[in-house]
Amino acid sequence: MIWIIVGMALVTAIPRVVPAFIVDKLRFPGWVDRWLNAIPYAALGALIFPGIINVKPESPHIGITAGIIAIGLAWAGLNIILVVIGAITTVFLMTL
Amino acid sequence: MEPKVMDIEADNYITRKHMVKRGFVAGLPIMLGYLPIAVTYGVLARQSGLSNIELTLMSILVFAGAAQFMAANMIAIGTGAAELIIATFVLNFRHFVMSLSFMNRLRGIALKWKVPLSLGLTDETFTVSSLHKKEAKEQYGVWFFGSLILTAYVAWIGGSYLGGVLGDILPARLSQSMGIALYAMFIGLLIPSIKKESKVAVVAVIAMATNFIFSVNGMSDGWAIVLGTLIGGLSGIGLLKEDKP
């Protein structure tokens, strides 16, 4: 078991750490810089959807409704902790 | 001159402490999202036959939620080590893209800082850190990011251990409801950026659509997220001309 854990740790750590060593060696052209700067927004999109519909795999509308509530709360400018609590409450109430 | 040097030292100390505090506050939503998920992982891993030490060690060494859940499931059904490690690599390869983006922003800092910060990158620590662009340019910004990542890391390890030791301590309905927490956090991060620059929404929606199309066509979650992130990001080259702080 310990070797499985060490193996998992290595294949996870290496992709994470390699960029720390290579960014100093490389100078990216402007378009690559812009690409990398857009990555956080793209990652957020890919992480939210379609994953959110599987919060309750048997009833996808629950994840979607909670997502819409979260969008509304975030749009109203609420602190992110309150957005999270609002979404948790929505799922909790919908599964009562 | 002596007292002046001391003043600067004291000021630097206060600034560092202030950055650590801000990093902790920025890490709190991740902590809130991680705790219930980590506890659930601990419970599941325990049921799959891992000892408390093993499941906590996995959280310390791997620090990747989705991969650890997958591992607990695969160990329970008796999957071989090689298959499990390859699946982990595929699922976590997205962190390479995220790390490249984050490290490119932190070019100015020393390698001795880049290495630990990059090792602490998860979906959550990356997205929260990346949207704090101002701190990347500030003095002692690394203390901010270090503290943010450490907050998440401690929550993840502590929650895993708790789950393993105490079993299902959260009422089932509550812990299930908390599965939405990290998605809500991602939404809470994305919306303010869209309000500032509406084209961000286009980048995010292209990433969503790409991920969706590849995953319904049978691609593994890991690669579908990598492609969604890369292709969504590509659209940003033309759309997001200036990197507004």
Side-chain angles (χ1 to χ4, degrees), chain A residues 1-9 11-13 15-24 28 31 33-52 55-56 63 66-67 70-71 73-75 77-78 80-81 83-92 95-96, chain B residues 29 32 54 57-58 61-62 64 71 81 84-85 88-89 92-93 95-101 103-104 107 114-115 118-119 121 123 127 130-131 173 177-181 183-191 193 200 203-205 207-208 211-212 215 225 228-229 232-234 236-237 240 243:
Chain A
M1 187 56 64
I2 185 79
W3 293 111
I4 292 182
I5 297 172
V6 170
M8 286 177 68
V11 298
T12 303
R16 279 177 180 165
V17 81
V18 164
F21 290 94
I22 61 174
V23 286
D24 288 333
F28 296 125
W31 66 270
D33 265 333
R34 289 206 298 278
W35 188 3
L36 292 175
N37 285 334
I39 290 293
Y41 308 118
L44 282 170
L47 290 168
I48 294 168
F49 189 83
I52 195 165
V55 166
K56 294 267 173 230
I71 292 173
L73 296 176
W75 204 274
L78 261 63
I80 194 158
I81 295 265
V83 175
V84 171
I85 292 171
I88 293 172
T89 310
T90 306
V91 175
F92 186 76
T95 49
L96 276 179
Chain B
L32 177 66
E54 286 166 345
L57 192 68
M58 194 188 281
L61 294 178
V62 181
L84 177 47
I85 290 167
T88 303
F89 174 76
N92 287 340
F93 189 74
H95 295 144
F96 174 78
V97 180
M98 296 179 187
S99 181
L100 199 58
S101 167
M103 291 299 127
N104 192 44
R107 269 174 186 278
K114 282 201 189 91
V115 170
S118 71
L119 287 172
L121 282 186
D123 299 339
T127 46
S130 293
L131 298 190
R173 202 197 298 133
S177 306
M178 293 183 94
I180 191 78
Y183 293 106
M185 189 187 79
F186 293 140
I187 291 172
L189 290 170
L190 187 56
I191 296 298
S193 306
V200 163
V203 174
V205 168
M208 287 179 186
N211 183 15
F212 180 69
S215 49
I225 292 177
T229 303
L234 266 181
I237 297 173
L240 309 173
D243 188 29

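Order of the sequence lines fixes the chain letters, A, B, ..., with proteins taken first and strands second; residue numbering starts at 1 for each chain.
- Applying the 6.0 Å contact sphere to CZ of B:F212 captures no more than 12 heavy atoms from other residues, nucleotides or ligands.
- Between chain A and the residues B:N104, B:L32, B:L57, the most heavy-atom pairs under 4.5 angstrom are made by B:N104.
- Options A:G51, A:A66, A:G67 differ in how many heavy-atom pairs under 4.5 Å they form with chain B, and the most are formed by A:G51.
- Looking only at heavy-atom pairs under 4.5 Å with chain A, the residue among B:L234, B:L121, B:N92 that has the most is B:L234.
- Heavy atoms of A:I22 lying under 4.5 Å from chain B belong exclusively to its side chain.
- B:L240 has its side chain out of reach of A:R34: every pair of non-hydrogen atoms, C-beta onward, lies at least 4.5 Å apart.
- For A:I52, the parts sitting under 4.5 Å from any heavy atom of chain B are the backbone and the side chain alike.
- Within the 4.5 Å cutoff, the side chain of B:V200 has no heavy atoms near those of the A:L44 side chain.
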List the steps and the verdict of side chain to side chain contact (heavy atoms under 4.5 Å, CB included) for A:T95 and B:S177.
CA-CA 8 Å; A:T95 49; B:S177 306; 4.2 Å; yes
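- Between chain B and the options A:A42, A:G63, A:A38, A:A87, heavy-atom pairs under 4.5 Å are most frequent for A:A42.
- Comparing A:L78, A:L73, A:L47 by heavy-atom pairs within less than 4.5 Å of chain B, the highest count is held by A:L47.
- Interface residue A:V55: only side-chain heavy atoms are found under 4.5 Å from chain B.
- Using a 4.5 Å heavy-atom threshold, the side chains of B:D123 and B:T127 count as separate.
- Here the rule is side-chain contact (heavy atoms from CB on, under 4.5 Å) with B:I187, and of B:I191, B:L190, B:L189 only B:I191 fits it.
- Taking the side chain as every heavy atom from C-beta outward, A:P19 and B:S118 never approach each other to under 4.5 Å.
- Using a 4.5 Å cut-off between heavy atoms, A:V84 contacts chain B through both its backbone and its side chain.
- For the options B:G188, B:S215, B:S101, heavy-atom pairs under 4.5 Å to chain A are most numerous at B:S101.
- For the pair B:L84/A:I4, a side-chain contact is recorded, criterion being any heavy-atom separation below 4.5 Å from C-beta on.
- With chain A as the partner, the residue from B:A184, B:A81, B:G232 showing the most heavy-atom pairs under 4.5 Å is B:A184.
- No side-chain heavy atom of A:Y41 sits less than 4.5 Å from a side-chain heavy atom of B:S130.
- At a 4.5 Å heavy-atom cutoff, the contact between B:I237 and chain A is made by backbone and side-chain atoms alike.
- The choice from A:V17, A:V83, A:V6 that makes the most heavy-atom pairs within less than 4.5 Å of chain B is A:V17.
- Interface summary for chain A: among B:A181, B:G179, B:G228, the most heavy-atom pairs under 4.5 angstrom belong to B:A181.
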